[in-house]
Number of protein chains: 2
Amino acid sequence: MKPDVYAANCPTRQILDRVGDKWAVLILLLLREKPMRFNQLRRTIEGISQKMLSQVLKSLERDGLIKRRAIATVPVTVEYSITQLGVTLAAAVDPLRDWAEQNLKDVLAAQRRYDSQQKEEAA
Amino acid sequence: MKPDVYAANCPTRQILDRVGDKWAVLILLLLREKPMRFNQLRRTIEGISQKMLSQVLKSLERDGLIKRRAIATVPVTVEYSITQLGVTLAAAVDPLRDWAEQNLKDVLAAQRRYDSQQKEEAA
DNA sequence: TATATCTAGTAACTATTAGTTACTAGTGAA
DNA sequence: TTCACTAGTAACTAATAGTTACTAGATATA
């Protein structure tokens, strides 16, 4: 049976929503490079708050995309790393990032066209 | 110069955010199949409200991913269709949808594992 | 000896966004 | 006469995102 992403109860849609999380994707791509600690992630990802980082890490761990390892140092450090499942998701995100980089100019141009059109109509 | 998606001001991140929009992706994939009217979209995509549909259609049009065409019928009908740029974005989203369909079981299993683990620790 | 900094978060609060519901106006059908 | 259809918009509420202050124990700095 083929899943219908347009049905509200479709679980595939839940996963698309999760990928839609702006921070989740960034964290996943970062952890693919190398494991990182909490504050290390916070410093690297500009604009993320402690709360959101904590929240998103938890949900990524819940989904089996990353794993959390507490190391008995003083103070305790926690290392986050990507799982095999996470690696495959990150790979599926790559085409999207590439698209964004390649088509950024076109999108910005379209926005400018649209905005000036709107201004004209308002006048 | 390589864009840094981890920098807050990176325009590529803006595009990732837009793709992150749960409704936008669904609409894009639908319009790739065939052009559709406003209420037709609303009926097909379960759970979307008039307001969100209107909002998302507007921003997709602004980004040059879809185009809007008003047809002089009575009452006026409006047809939305995907642009060439939109087609390329939809293609970049495909691997993601495929990933979701293929790995849904693993993700749900990971969630169950995590949740029962948490319950244990709470007890 | 105080003071600041580091660790990984949590709690309380505010701001922003998502979603709900009712409404527009003109026409055709039951 | 009342309902349904078209494509939205406006006002409101609910949910989520983001901000800020705080925890506790140790180490470095002045």
Side-chain angles (χ1 to χ4, degrees), chain A residues 6-9 13-14 16-27 30-31 35-63 66-81 114 117-118 121-122, chain B residues 6-9 13-14 16-27 30-31 35-63 66-81 114 117-118 121-122:
Chain A
Y6 309 112
N9 61 351
R13 195 155 110 179
Q14 288 168 27
L16 278 180
D17 287 357
R18 126 135 320 309
V19 174
D21 186 327
K22 78 192 239 189
W23 301 119
V25 172
L26 291 178
I27 292 172
L30 256 182
L31 291 182
M36 280 195 182
R37 287 175 294 105
F38 186 89
N39 279 329
Q40 206 176 353
L41 284 165
R42 186 156 71 94
R43 280 187 295 260
T44 307
I45 303 172
E46 272 182 31
I48 197 168
S49 66
Q50 293 165 301
K51 180 192 143 193
M52 289 312 295
L53 181 55
S54 171
Q55 240 173 57
V56 174
L57 285 172
K58 234 175 246 174
S59 69
L60 283 172
E61 191 196 355
R62 178 167 183 264
D63 289 350
I66 66 173
K67 55 175 177 290
R68 178 184 185 278
R69 187 166 68 97
I71 305 167
T73 52
V74 171
V76 167
T77 54
V78 177
E79 190 192 71
Y80 290 95
S81 55
Y114 184 92
Q117 190 81 23
Q118 296 303 103
E121 282 168 23
Chain B
Y6 308 111
N9 60 351
R13 196 154 107 179
Q14 289 167 27
L16 279 181
D17 286 356
R18 126 133 323 307
V19 175
D21 185 327
K22 78 192 238 189
W23 300 119
V25 172
L26 291 178
I27 292 172
L30 257 183
L31 291 182
M36 281 196 181
R37 287 175 296 104
F38 186 90
N39 279 328
Q40 207 176 353
L41 284 165
R42 188 155 71 93
R43 280 187 295 261
T44 308
I45 304 173
E46 273 182 30
I48 196 166
S49 65
Q50 293 165 301
K51 180 194 142 191
M52 289 311 295
L53 180 55
S54 171
Q55 240 174 56
V56 174
L57 285 172
K58 236 175 243 172
S59 69
L60 283 173
E61 191 195 357
R62 179 169 183 263
D63 289 350
I66 66 173
K67 55 176 176 290
R68 178 185 184 280
R69 186 167 68 98
I71 304 167
T73 52
V74 170
V76 167
T77 54
V78 177
E79 189 191 71
Y80 291 95
S81 55
Y114 184 92
Q117 190 81 25
Q118 295 303 104
E121 282 168 22

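Keep in mind that the numbers below use all heavy atoms, side chains included, and drop hydrogens, waters and symmetry copies.
A/S49 comes within contact range of at least one nucleobase, with a heavy-atom separation under 4.0 Å. Counting any heavy atom pair closer than 4.0 Å across all strands shown, B/R69 reaches no nucleic acid atom. Among the heavy atoms of the strands lying under 4.0 Å from B/R68 are primed sugar atoms or P, OP1, OP2 only; no base atom is included.
In this structure, A/Y80 places its OH atom 8 Å from P of C/dA8, rounding to the nearest Å. Counting to the nearest Å, the C1' atom of C/dT5 and the CZ atom of A/R42 are 12 Å from each other. C/dT24 atom P lies 14 Å from atom CD of B/Q50, rounded to whole Å. Taking atom CZ of A/R37 as the reference point, atom P of C/dC6 lies 11 Å away to the nearest angstrom.
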Starting at the 5' end of DNA chain D, write a dot or bracket for each base, bracketing those in Watson-Crick or G-U wobble pairs whose two distances are under 3.5 Å and using | for partners on another strand. |||||.|||||||||||||||||.||||||

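Between A/V76 and A/I71 the shortest side-chain heavy-atom distance does not fall below 4.5 Å. The closest side-chain heavy-atom distance from A/K22 to A/L26 is not below 4.5 Å. Side-chain atoms of A/I27 and A/L53, non-hydrogen and from C-beta on, do get closer than 4.5 Å to each other. Put simply, the side chain of A/F38 does not reach to within 4.5 Å of the side chain of A/E79, judged on heavy atoms.
In summary, of the residues considered (A/M52, A/Q50, A/K51, A/E46), a side chain to side chain contact (heavy atoms under 4.5 Å, CB included) with A/I48 occurs for A/M52 alone. Looking at B/M36, B/R37, B/R68 one by one, the single match for side chain to side chain contact (heavy atoms under 4.5 Å, CB included) with B/V78 turns out to be B/R68.
Contact detail for B/K58 and A/Y114: the closest heavy-atom pair is CG-OH, 3.4 Å. Heavy-atom minimum distance, A/L41 versus A/Y80: CD1-CD1, 4.4 Å.
Toward the 5′ end of DNA chain C lies the nearest nucleotide of A/V76, the other residue of the pair A/V76 and A/S54 mapping further downstream. Looking at which nucleotide of DNA chain C each of A/R43 and B/P75 is closest to, the 5′-most match is held by A/R43.
Comparing the P positions of D/dT6 and C/dG19 gives a spacing of 22 Å, expressed to the nearest Å.
Bounding nucleotides for the chain B contact on DNA chain D, 5' to 3', at a heavy-atom distance below 4.0 Å, are D/dT6 to D/dA11.
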Dump the pairs, protein N or O against N or O of nucleotides 16-18 of chain C, anything under 3.5 Å, distances to one decimal.
from   : atom 1 : to    : atom 2 : distance (Å)
C/dA18 : N7     : B/K51 : NZ     : 3.3

